[in-house]
2 protein chains.
Amino acid sequence: MPSRIPEKIEKEIEEKGGLEKLIAAIPGKERIESYAKIFSALGDPTRLRILCFLAKQRSCVCLIREIVNLSYSKLSYHLSVMKNANLISGEKMGNYIIYEVTSLGRKYASEICGGD
Amino acid sequence: MPSRIPEKIEKEIEEKGGLEKLIAAIPGKERIESYAKIFSALGDPTRLRILCFLAKQRSCVCLIREIVNLSYSKLSYHLSVMKNANLISGEKMGNYIIYEVTSLGRKYASEICGGD
DNA sequence: GCAGTATTTCAAATTATCTTTGAATATTGC
DNA sequence: GCAATATTCAAAGATAATTTGAAATACTGC
């Protein structure tokens, strides 16, 4: 199927059982897109700071807001991105919503946030 | 510094040594931005497919192009994003440029791409 | 050095993401 | 039920990422 590629590379491919086999090993659309969504959500400095803070301490929106110094609506947007990627979850506690990291969020936090 | 937060949360913070301590544990700008860059680069389905393929087999641009079915210039753009994030590297081989995953790229590939 | 192939680069157009402002919803305490 | 607080939502605008198509670069073989 491919046109012309360097011999050296072609040889390597043959040794691995051929191109078809390599192509077949690429994950399907669903898996790829689910990871892409997670990494997109992680790909923003503000959201990483929020993740690192929440990994140490669950918190209401009002406190996160003070720490990352954002407007409520901006923060709310970023929290929704993280929530949709299943990095954090929120639950009501009286008048407040308390956000905390999910186990997925914790996994990435432990890689990114160091310390602890 | 914060206004009013739920008692329960306030208590948890005190038990951890206070808010200042938690804030101090958030990584600095440089570390945060460097991770954000990597995750942004990973946050795209096309680039994840390329990463998974290259993790199994280094390859010239022309072959990658056949596999992900993109125009040269589009592919070149995505390769440059991945290269800037230090997920892949390219070296000349005759008339070709052979791309391969870096050790950082391999680390994420092993998480994302499964199989092998 | 010329023709051909592989790859990148550039600028313009398109699309997606983020920000802003203001209003909406939900809960609490009176 | 009303006022106050916490939080989200929606629409418009701003910014950033991606796509497109054409032209530029770099290497190979003659």
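Predicted model only: the values in this text are computed from it and were never measured. Reminder, nothing fancy here: chain letters follow the sequence lines and each chain counts from 1.
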Beyond-backbone contact of A:S59 with A:I98, side-chain heavy atoms, under 4.5 angstrom: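 Side-chain contact under 4.5 Å: no.
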Counting just side-chain N and O atoms, does [X] come under 4.0 Å of either OP1 or OP2 of [N]?
X: B:R47; N: D:dT18; value: yes
X: A:H78; N: C:dT17; value: no
X: B:K92; N: D:dA26; value: no

Residue among B:V81, B:L42, B:N84 satisfying side chain to side chain contact (heavy atoms under 4.5 Å, CB included) with B:K37: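 Among B:V81, B:L42, B:N84, the one meeting side chain to side chain contact (heavy atoms under 4.5 Å, CB included) with B:K37 is B:N84.
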Pairwise 5' ranking along DNA chain D for B:S40 and A:Y99, keeping only the more 5' one: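 Of the two residues, A:Y99 wins.
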Measure from [atom1] on [X] to [atom2] on [N] and round the result to the nearest Å.
X: A:L63; N: D:dT5; atom1: CG; atom2: C1'; answer: 16 Å
X: A:N84; N: D:dC9; atom1: CG; atom2: C1'; answer: 14 Å
X: A:I9; N: C:dA6; atom1: CD1; atom2: P; answer: 14 Å
X: B:L70; N: D:dT20; atom1: CG; atom2: C1'; answer: 13 Å
X: A:E91; N: D:dT8; atom1: CD; atom2: P; answer: 14 Å
X: B:N95; N: D:dC30; atom1: CG; atom2: P; answer: 13 Å
X: A:R65; N: D:dA6; atom1: CZ; atom2: P; answer: 9 Å
X: B:Y72; N: D:dA23; atom1: OH; atom2: P; answer: 19 Å

Ring-face cation of B:R58 near B:Y99 (centre distance under 6.0 Å, axis angle within 45°):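 Because its charged atom misses either the 6.0 Å distance or the 45° angle limit, B:R58 does not stack over B:Y99.
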Nucleotide nearest B:Y96 (side chain, heavy atoms from C-beta), chosen from D:dA6, C:dA6, D:dT18: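 Ranking D:dA6, C:dA6, D:dT18 by closest atom to the B:Y96 side chain puts C:dA6 first.
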Closest to the A:R4 side chain, choosing from C:dA6, C:dC18, C:dT8: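 Among the listed nucleotides, the one closest to the side chain of A:R4 is C:dA6.
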5'-most by nearest nucleotide on DNA chain C - A:Y77 or A:G94: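 Of the two residues, A:Y77 wins.
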Position toward the 5' end of DNA chain C (nearest nucleotide), B:K74 or A:S71: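 Nearer the 5' end of the strand: B:K74.
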Parallel, tilted or perpendicular: ring planes of B:Y108 versus B:F39, cut at 30 and 60 degrees: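 Perpendicular, since the angle between the ring planes exceeds 60°.
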Any N/O donor-acceptor pair, A:S73 side-chain to C:dT21 base, under 3.5 Å: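 Per atom types, the contact qualifies.
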Electrostatic pair B:E111:A:K107 at N-O distance under 4.0 angstrom: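 Yes, B:E111 and A:K107 are salt-bridged.
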